[in-house]
Amino acid sequence: QVDLVDSGGGSVQAGGSLRLACTASRYPATFGCVGWWRQVPGKMREFVASIDRKGATKYADSVKGRFVISSDNTARTTYLQMNSLNPEDTARYSCALEYSFVGPVECTVHYKIDYWGQGAQVTVSS
């Protein structure tokens, strides 16, 4: 069992920045990647960014150039630095962890995620 705790959400005006953090209770030997997903009420959860255990990153087109994902494996914490926020970024953000049993994984496929954080609300006002 892995517990993921999300923190750092809040309210900000358009153009502002926020940083989210996801701390894992442990990293299993088969830990493959940690990612961030977001969801707006009434819509499907969508992929935002991910980082694998070797540090390779992946971003959704909508956040490229504005969001940066990073990790501190010693602290078992993954960060999502969100810059130039706009109202369309308003959502509940949840971190996700996926195992890797064969080869690298990217945390980009919803049904492959093994654990989810409780989520952190991000609200961007215009």
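In what follows, every heavy atom counts, from backbone to side chain, and hydrogens, waters and symmetry copies are set aside. Source: prediction; values computed, not measured. Numbers here are sequence positions counted from 1.
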Under 3.5 Å donor-acceptor, [X] side chain and [Y] backbone:
{"X": "R38", "Y": "A91", "result": "no"}
{"X": "W37", "Y": "C107", "result": "yes"}
{"X": "N73", "Y": "R76", "result": "no"}
{"X": "R53", "Y": "F31", "result": "yes"}
{"X": "S50", "Y": "E106", "result": "yes"}
{"X": "Y93", "Y": "Q39", "result": "no"}

Quiz item: What's the verdict on side-chain contact (heavy atoms from CB on, under 4.5 Å) for M82 and V122, showing C-alpha distance, side-chain angles and the deciding distance?
Solution: CA-CA 10 Å; M82 304 183 293; V122 171; 3.8 Å; yes
Heavy-atom closest pair, residues [X] and [Y]:
{"X": "V2", "Y": "P28", "value": "CG2-CD, 3.8 Å"}
{"X": "L80", "Y": "A49", "value": "CD1-CB, 4.1 Å"}
{"X": "C95", "Y": "L4", "value": "SG-CB, 3.7 Å"}
{"X": "L18", "Y": "G10", "value": "CD1-O, 3.8 Å"}
{"X": "V12", "Y": "L85", "value": "CG1-CD1, 3.6 Å"}
{"X": "V63", "Y": "V48", "value": "CG2-O, 3.5 Å"}

Exercise. Could you tell me whether Y115 and Y99 have their ring centroids closer than 6.0 angstrom?
Key: yes
Going from [atom1] on [X] to [atom2] on [Y], what distance comes out if it is rounded to the nearest 0.5 angstrom?
{"X": "E46", "Y": "M44", "atom1": "CD", "atom2": "CE", "result": "10.5 Å"}
{"X": "I113", "Y": "R45", "atom1": "CD1", "atom2": "CZ", "result": "9.0 Å"}
{"X": "C33", "Y": "K54", "atom1": "SG", "atom2": "NZ", "result": "13.5 Å"}
{"X": "S125", "Y": "N86", "atom1": "OG", "atom2": "CG", "result": "11.5 Å"}
{"X": "S62", "Y": "E88", "atom1": "OG", "atom2": "CD", "result": "10.0 Å"}

Exercise. Kindly indicate, with the supporting measurements, whether the criterion side-chain contact (heavy atoms from CB on, under 4.5 Å) is fulfilled by V109 and Y111.
Key: CA-CA 6 Å; V109 181; Y111 72 85; 3.3 Å; yes
Side-chain heavy atoms under 4.5 angstrom apart, residues restricted to Ile, Leu, Val, Met, Phe, Trp, Tyr: same cluster for [X] and [Y]?
{"X": "V124", "Y": "V68", "value": "yes"}
{"X": "Y79", "Y": "I51", "value": "no"}
{"X": "F101", "Y": "Y27", "value": "yes"}
{"X": "W36", "Y": "F47", "value": "no"}
{"X": "F67", "Y": "L20", "value": "yes"}

Quiz prompt | Side chains of T23 and T77, donor plus acceptor under 3.5 Å | solution = yes
Exercise. Would you sort out whether R26 and D3 count as a salt bridge (charged side-chain N to carboxylate O under 4.0 Å, His left out), showing the intermediate values?
Key: CA-CA 8 Å; R26 68 185 190 93; D3 294 320; over 6 Å; no
Exercise. List the steps, then state whether side-chain contact (heavy atoms from CB on, under 4.5 Å) holds for L97 with W116.
Key: CA-CA 7 Å; L97 185 146; W116 293 95; over 6 Å; no
Exercise. Identify whether the distance between the nearest side-chain nitrogen and carboxylate oxygen of R66 and D89 falls below 4.0 Å.
Key: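 Answer for the salt bridge query: yes.
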